[in-house]
A.B. asks: 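This is the structure I have questions about; it appears just below.
Residue indices begin at 1 and follow the sequence shown.
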Amino acid sequence: MPDYNASKFYMKNSYYSNRKYIIIITFIIVGIIFALRLFYIQVIDRSYTLSANNNVLRYITQYPARGLIYDRNGKLLVFNEAVYDLMVTPNHVKNIDTTEFCTLVGIDKAGFIERIEKARKYSPYKASAFEKQISKEAFGYLEEKLYRFHGFFVQPRTIRKYPQSLAAHLLGYIGEATQSVLDKVPYYKSGDYIGISGIEKSYEEELRGVKGMKIRMVDVFNREQGSFQNEKYDTAAIMGKNLYTSLDAGLQAYGELLMAGKRGSIVAIEPSTGEILAFLSSPTYDPNLLVGRVRSKNYQKLSNDPVKPLLNRALMGQYPPGSTFKIVNDLIGLEEGVLFPSTFYSCQGPGTSPIRCTHNHVSPLDLKQAIQQSCNPYHWQVFRSIINKKEYGSVKNAYNAWQDYVTDLGFGIKYNSDLPYELDGNIPESEYFDKIYGKGHWNAMTIRSFSIGQGEILTTPLQLANLACIIANRGYYITPHLVRSVGSPKSYIERFTQKHQTKIHSQYYDFMVEAMFQVVEHGTAAWYKLDSIPMCGKTGTAQNPHGKDHSLFICFAPKDHPKIAMAVIVENAGFGSTWAVPIASLLIEKYLTGTVKRKDVEQRMIEFNMISKP
Ligand SMILES: [Zn+2]
């Protein structure tokens, strides 16, 4: 009979001895893991050594050069220039001749103490900028002697330069990343630059490139002793991508010349592509003013200037469109079937009610004549017939339909183009009138000024130029944009290739093209028509509650297969035909023929100065 107890004992014994082995093996494994880890840390992974040796290694950020910016003909608009930041690690500053050092850097002793304190506040053992953006020349002088000043070293970086001093509002500027940016985006470190306005802002990620890091060994005498670990841990900076813009630098320069001494803006677009050819806000400033060490001083000066040179009027100026808006109402009237080219209305000139006419012309007149003469009473009838259209059942419904058309034509909306800080103007919702007049207590008469582009309607120069594009294209637009391609001249940007087809049929645009051609041939813009180029346009004079009327003109040329569409606004300059028309016509002549023959007109425009400077 088997001894169960013995068997039990044996099993128990074997169980304990197994457990003993397991414990021993576990200890051995853990020991091996520790040993391997230690070996890895001490022998293989040098990153621990890097931090342990922090005080003899110098970490130098490699700032990449920002991408370059070109115009549509390959002309360089923005490039980079080398500057140098003098860096300090406060705890390493020992036994230096402060007087000599101050002379070398060009500061006084108080300035020295102030800078050191500031750096110490940031970190006593980490390097930060002591003096920023030292020029190449000053750096050459400093470099030779710097080894004598422990705790200091120089870090190269670049700043922007503008060889043509053009298009300040469009290109924008860069500046140091603010605390809120530093908190939000880990890429940026204190002292890094970032695009603040213009395409420097909208293409920041493409332009900035990728920062690198250089590690250098430094001896106790502040002298670099070469690379660390054969540059194994160094990373190279990657230069930012170049931007290839659609701007025509020659046209832009000419526009800036013509607009000098005036308030206003010009937006010129190639209708078939939506590419911005010229885009200016006047008064402007030299973009080189907002670069480098002089930036903050100049920025203060520019922002305190009463003529507001920093304001981008082309994107942020919101103007009543005046008579240029009549063509919007006409297109809607035609599409809605309440207006026909053969529709006649009469006009009694200045005595007409409820809106008087400002021009002398035949009466009654048809649509084409009414556009040509910019007749106010005619356009009041057009607007009234839209708002009173019976099929809509109510004024409110008809107004909502009208508003849909206007929005479809690019008003009251932002385009989401590549230009930051765009404003959307104002096309009020019907609820707005319900609120101020009461539901059912307003009608076409209440908002009659909308018939001539006045009242609450506000538009930006960009939107008006886009309207010119829509008519030039007989019914569509492509989001206006400045950058054609990023990185290489051949790549293209998908969202800037899509057509926005409007709801209005092309035959009405064909009619409008003819009517706008007549405006330039025989109408309000006839004085400045071009012999060689058939041009289409519409003048406007926008009432301005704060002073003299604004002079407006939208146009495109040539009439068939247009190459350029434009909006010109000259603030407080009176009739559209007096200033906006000649400026637009000179720009078109320049762009399409390469030269300007009408030197007398050109001279008169350049000399006209509305901004009296002390
Ligand atoms: Zn009239």
A.B. asks: Please round to the nearest 0.5 Å and tell me the distance separating atom OG1 of Thr593 and atom CG of Asp531.
C.D. replies: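 Output value for this atom pair is 11.5 Å.
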A.B. asks: Do the ring planes of Phe496 and His481 sit parallel (below 30°), tilted (30 to 60°) or perpendicular (above 60°)?
C.D. replies: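 Taking His481 first and then Phe496, their aromatic rings lie parallel (interplane angle under 30°).
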A.B. asks: Does Glu456 have any side-chain hydrogen bond (donor to acceptor under 3.5 Å, both in side chains) partners at least two apart in sequence or in another chain, and if so, which?
C.D. replies: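 Applying side-chain hydrogen bond (donor to acceptor under 3.5 Å, both in side chains) to Glu456 gives Tyr432.
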A.B. asks: Within the 4.5 Å heavy-atom criterion, are Ser246 and Val483 side-chain neighbours or not?
C.D. replies: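 No, their side chains stay 4.5 Å or more apart.
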A.B. asks: Between the side chain of Arg356 and the main-chain N/O of Pro350, is any donor-acceptor distance below 3.5 Å?
C.D. replies: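 No.
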A.B. asks: Distance from Gln463 atom CD to Cys469 atom SG, nearest 0.5 Å?
C.D. replies: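 Answer for the CD-SG pair, Gln463 versus Cys469, is 12.5 Å.
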A.B. asks: Would you confirm whether Gln369, through its side chain, and Asp366, through its main-chain N or O, come within 3.5 Å as a donor-acceptor pair?
C.D. replies: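 Such a contact is found between Gln369 side chain and Asp366 backbone.
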A.B. asks: Looking only at non-hydrogen atoms, find the nearest pair between Ile276 and Phe279 and report the distance.
C.D. replies: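 Heavy atoms of Ile276 and Phe279 come nearest at CG2-CB, 3.6 Å.
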A.B. asks: Donor-acceptor pair, distance only, cut-off 3.5 Å: does the side chain of Thr459 make one with the backbone of Tyr319?
C.D. replies: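 Side chain of Thr459 to backbone of Tyr319, a donor-acceptor pair under 3.5 Å: yes, one is there.
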A.B. asks: Taking Gly425's backbone N and O only, do any of them form a donor-acceptor pair with Gln318's side chain (distance below 3.5 Å, no angle check)?
C.D. replies: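 Checking the backbone N and O of Gly425 against the side chain of Gln318, a donor-acceptor pair under 3.5 Å is found.
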A.B. asks: With no hydrogens and no angle check, is any side-chain donor or acceptor of His500 less than 3.5 Å from a backbone partner on Ile478?
C.D. replies: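 Absent.
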A.B. asks: Does Pro558 have any side-chain contact (heavy atoms from CB on, under 4.5 Å) partners at least two apart in sequence or in another chain, and if so, which?
C.D. replies: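 Here the qualifying residues are Ile533, Pro534, Lys563, Leu592.
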A.B. asks: Verify side chain to side chain donor-acceptor pair (under 3.5 Å) between Glu602 and Tyr254, making sure each step is shown before the conclusion.
C.D. replies: CA-CA 10 Å; Glu602 181 183 73; Tyr254 191 51; 2.7 Å; yes
A.B. asks: Donor-acceptor pair, distance only, cut-off 3.5 Å: does the side chain of Arg598 make one with the backbone of Ser585?
C.D. replies: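 Yes: the side chain of Arg598 pairs with the backbone of Ser585.
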A.B. asks: Checking Gln518 side chain against Gly523 main chain: does a donor-acceptor pair fall under 3.5 Å?
C.D. replies: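 Here the side-chain-to-backbone pair does not exist.
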A.B. asks: Indicate yes or no for a side-chain donor-acceptor contact from Lys262 to the backbone of Ala260 under 3.5 Å, with no hydrogens or angles considered.
C.D. replies: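 Such a contact is found between Lys262 side chain and Ala260 backbone.
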A.B. asks: Compute the centroid of each ring, for Tyr345 and then for Trp380, and state whether the two points are separated by less than 6.0 Å.
C.D. replies: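 No - the distance between ring centres of Tyr345 and Trp380 does not fall below the 6.0 Å cut-off.
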A.B. asks: Without swapping roles, check the side chain of Ser451 against the backbone of Phe383 for a donor-acceptor pair under 3.5 Å.
C.D. replies: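 A pair under 3.5 Å: no.
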A.B. asks: I'd like to know if Arg474 pairs up with Asp560 as an ion pair, taking the criterion as any Lys NZ or Arg NE/NH1/NH2 lying under 4.0 Å from an Asp or Glu carboxylate oxygen.
C.D. replies: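 Yes, this pair counts.
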A.B. asks: Walk me through whether Ile69 and Ile199 qualify under side chain to side chain contact (heavy atoms under 4.5 Å, CB included).
C.D. replies: CA-CA 10 Å; Ile69 304 179; Ile199 52 171; 4.1 Å; yes
A.B. asks: Strictly under 6.0 Å, is that where the ring centroids of Phe450 and Phe433 end up?
C.D. replies: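 Yes, ring centres under 6.0 Å apart.
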